[in-house]
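So that the names make sense, note that chain A is the first sequence line, chain B the second, and so on, each numbered from 1.
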2 protein chains.
Amino acid sequence: MLSKNQIKLITSLKQKKYRQQHGFFVVEGIKTINELLQSYFELHALYTTETFNIDAKREVLISKTDLKRISFLTTPNTALAIFKIPESKPIYEKGLIVALDALRDPGNLGTIIRLCDWFGIKDLVCSHETVDCFNPKVIQASMGSISRVNISYVNLEKFLKDQTIPVFGAFMTGENVYQKILSENGVLVMGNEANGISKNIETIITEKISIPRFGEVQATESLNVATATAVLLSEFRRGS
Amino acid sequence: MLSKNQIKLITSLKQKKYRQQHGFFVVEGIKTINELLQSYFELHALYTTETFNIDAKREVLISKTDLKRISFLTTPNTALAIFKIPESKPIYEKGLIVALDALRDPGNLGTIIRLCDWFGIKDLVCSHETVDCFNPKVIQASMGSISRVNISYVNLEKFLKDQTIPVFGAFMTGENVYQKILSENGVLVMGNEANGISKNIETIITEKISIPRFGEVQATESLNVATATAVLLSEFRRGS
C-alpha cells in the first residue's frame, strides 16, 4: 500500500522545483532501474509489483493499480524507483566535451546523453536554460546512460570563454565537417532546437562546422539536434 | 464552427484503420502544412485560427477552442490540415535505399524520414510491421520531409531477396563501418528498437556493419535506431 504522502512526493517529482527541493528523481522500467542500482547513484525507494531481491527496507511491493497511480507513463512498467540526485562532479576538461546551448526537448537531451555514453564523452555541459537532466522524459530516453556521463549546468558563456581548447559549434553555414581535421581536445557546442546557437555564444565559437546536405534544394532545412550530434560525434571519433 | 461530423472524421484519423478507410491523414503546425501545400500532396481541408490565404473552399476559420478540440497535440498550434494519402510510387531502386524491419516508434520513423531527406535517400522501404508513416506522431517528427521521400510498405523479406545490389544491415557485431568500403548502390536495413533485425531478414543481409562503441565497457548497450541511422547514412554519404 502506498501512503498519501508517498504518492504526493512521487508525483511532485515531475516538476524540477520539487526535484531540487527534495533532491530526488524518478526512474521507471526494470532495465534502467537495474543499471542505476549498479551505478554510484543512491536508491531512496523502490516501488515494484515484483521483488528485485534487494535491501528490503528500500523496496515496497505495490499493486499494478498503485503503480498506475504513481507512474508518469501511459503504459506503466512494473517498477518505479526514486533515486537521490547526486552531487555534481567537477568537469574533467580533457578530451572532447559536449556543450548544450538552451536545449529544450527532454527526448533530445536523453538521446544526447546516450550518444555521449556510446562515444565515450565524459562531460556534458549544459547552459542553465537547458532542460533538467533529471526530468523523467530525459531519464526515459537516456536509458541508464545518465550514470556514466558527468552532466554539469553552468553559465555556458563564461565556461566557453575560459577554455583554451578549440570550441566547435554546429551551424548550417559552417565548414564541411567531412573535410575538416578535428582535434582530440575540444568542446562541441550544439544549439537550441528552434534557434540554433545563440548570438552571444556564437562569438566564442572558434570553429564553425556543418553537416552537408545531400538532398535536393527543397530538402529539409535542418537535422534534428540529436541526430546532428550523432553524426558529429561519429566524425570526431572515427579518425580521418 | 465545426460540425459533429467534421470532428468525428478528424479524431478518427488518429487510427490507422480510419486513415486507410478515408484515405486522409492529419498534419499540424503552420510550417509543415505550408511545406505540404507546396508539395504534390493534395489538401482536403484546412482548419485554422488565422487565414492562410489559399483556396477559400478548403479553408475553415475556427476558434482556438475548436482547434483544441480537434488537435492531437497537448499544446495545439494555430492550424490543423487534412491531406489525402497519396498513391504510392514505384521504388526507384538506384542509389542507396533505406529499409526498416518492424520499426515501432513513430518518433523514430519520423526522424528517419527527415534523415533520408537530408542525406538524399529517395526510397524508404518499410516492412508491413513498421509503424504507419501517416501516423500523426510520424508526421510531426518528419517535419514535411514525408513529401520528399518515397515510402513503400512491402513484404521486406521478398523485397530484399529480389535485390541484386548489396544488402547492408546494422548489427551490434558487424564489421566496423569506419573501416568498410561502402558501395553507392545498396539497401541499408535497420532493425526493430528492442530486437534489432529479425532472423529471417538477417539471412538475406550480405554485409553486416556496426558502429564501434568508444565508451567504457559498462557503456550503453545500443544506440537508438534513429541516431544509428544518422551515423550510418553519414558514413555512406561522406566518401572515404
Side-chain angles (χ1 to χ4, degrees), chain A residues 31-32 35 38-40 95-96 105 107-108 110-122 141-149 176-180 193-194 211-240, chain B residues 31-32 35 38-40 95-96 105 107-108 110-122 141-149 176-180 193-194 211-240:
Chain A
K31 214 169 154 183
T32 308
E35 272 199 66
Q38 284 159 36
S39 76
Y40 71 97
L96 185 64
D105 182 83
N108 284 338
T111 306
I112 290 173
I113 295 169
R114 203 168 154 195
L115 281 167
C116 286
D117 189 16
W118 183 272
F119 285 109
I121 306 294
K122 291 200 166 45
S142 76
M143 299 189 76
S145 290
I146 193 143
S147 65
R148 290 180 297 264
V149 178
N176 181 339
V177 69
Y178 301 141
Q179 285 161 14
K180 177 126 183 116
E193 287 86 352
I211 302 164
R213 183 165 67 184
F214 293 84
E216 290 165 37
V217 184
Q218 283 232 317
T220 186
E221 61 183 47
S222 70
L223 281 174
N224 162 284
V225 62
T227 55
T229 306
V231 170
L232 294 177
L233 288 182
S234 171
E235 282 299 310
F236 272 93
R237 287 306 193 216
R238 78 190 296 285
S240 51
Chain B
K31 214 169 154 183
T32 308
E35 273 199 66
Q38 284 158 36
S39 76
Y40 70 97
L96 186 64
D105 181 83
N108 284 338
T111 307
I112 289 172
I113 295 170
R114 204 169 154 195
L115 281 167
C116 287
D117 189 17
W118 184 271
F119 285 109
I121 306 295
K122 291 201 167 42
S142 74
M143 297 188 78
S145 291
I146 193 144
S147 65
R148 290 181 296 264
V149 178
N176 180 340
V177 68
Y178 300 140
Q179 285 161 13
K180 179 126 182 114
E193 288 85 352
I211 302 163
R213 183 166 65 183
F214 292 84
E216 290 164 37
V217 184
Q218 283 232 317
T220 186
E221 61 182 45
S222 69
L223 280 175
N224 161 284
V225 62
T227 54
T229 306
V231 170
L232 294 177
L233 288 183
S234 171
E235 282 300 310
F236 271 94
R237 287 307 194 216
R238 76 190 298 284
S240 51

Subject >> Contact class of A:Thr227 relative to chain B, heavy atoms under 4.5 angstrom >> reply: both
Original post:
Measuring from A:Met143:CE to B:Ser222:OG, what's the distance to the nearest 0.5 Å?
Top reply: 6.0 Å
**OP:** For chain B, find which of A:Ala228, A:Gly144, A:Pro212 contributes the most heavy-atom pairs closer than 4.5 angstrom.
**Re:** A:Pro212
**OP:** Kindly compute the distance separating OG (B:Ser147) from OH (B:Tyr40), expressed to the nearest 0.5 Å.
**Re:** 7.0 Å
Original post:
Under a 4.5 Å heavy-atom cut-off, does chain B meet the side chain of A:Ile121, its backbone, both or neither?
Top reply: neither
Original post:
Parallel under 30°, tilted from 30 to 60°, perpendicular over 60°: which one fits the rings of A:Phe214 and A:Tyr178?
Top reply: tilted
**OP:** With a 4.5 Å cut-off on heavy-atom pairs, point out which of A:Val149, A:Asn224, A:Thr229 contacts chain B the most.
**Re:** A:Asn224
Subject >> Sole residue of B:Leu115, B:Asp117, B:Thr32, B:Ile112 in side chain to side chain contact (heavy atoms under 4.5 Å, CB included) with B:Ser145 >> reply: B:Asp117
Original post:
Can you list the steps and then say if A:Arg148 with A:Glu35 is a salt bridge (Lys or Arg N to Asp or Glu O under 4.0 Å)?
Top reply: CA-CA 10 Å; A:Arg148 290 180 297 264; A:Glu35 272 199 66; 2.8 Å; yes
**OP:** Select, from B:Ile211, B:Leu232, B:Thr111, B:Leu233, the one with the greatest count of heavy-atom pairs under 4.5 Å involving chain A.
**Re:** B:Ile211
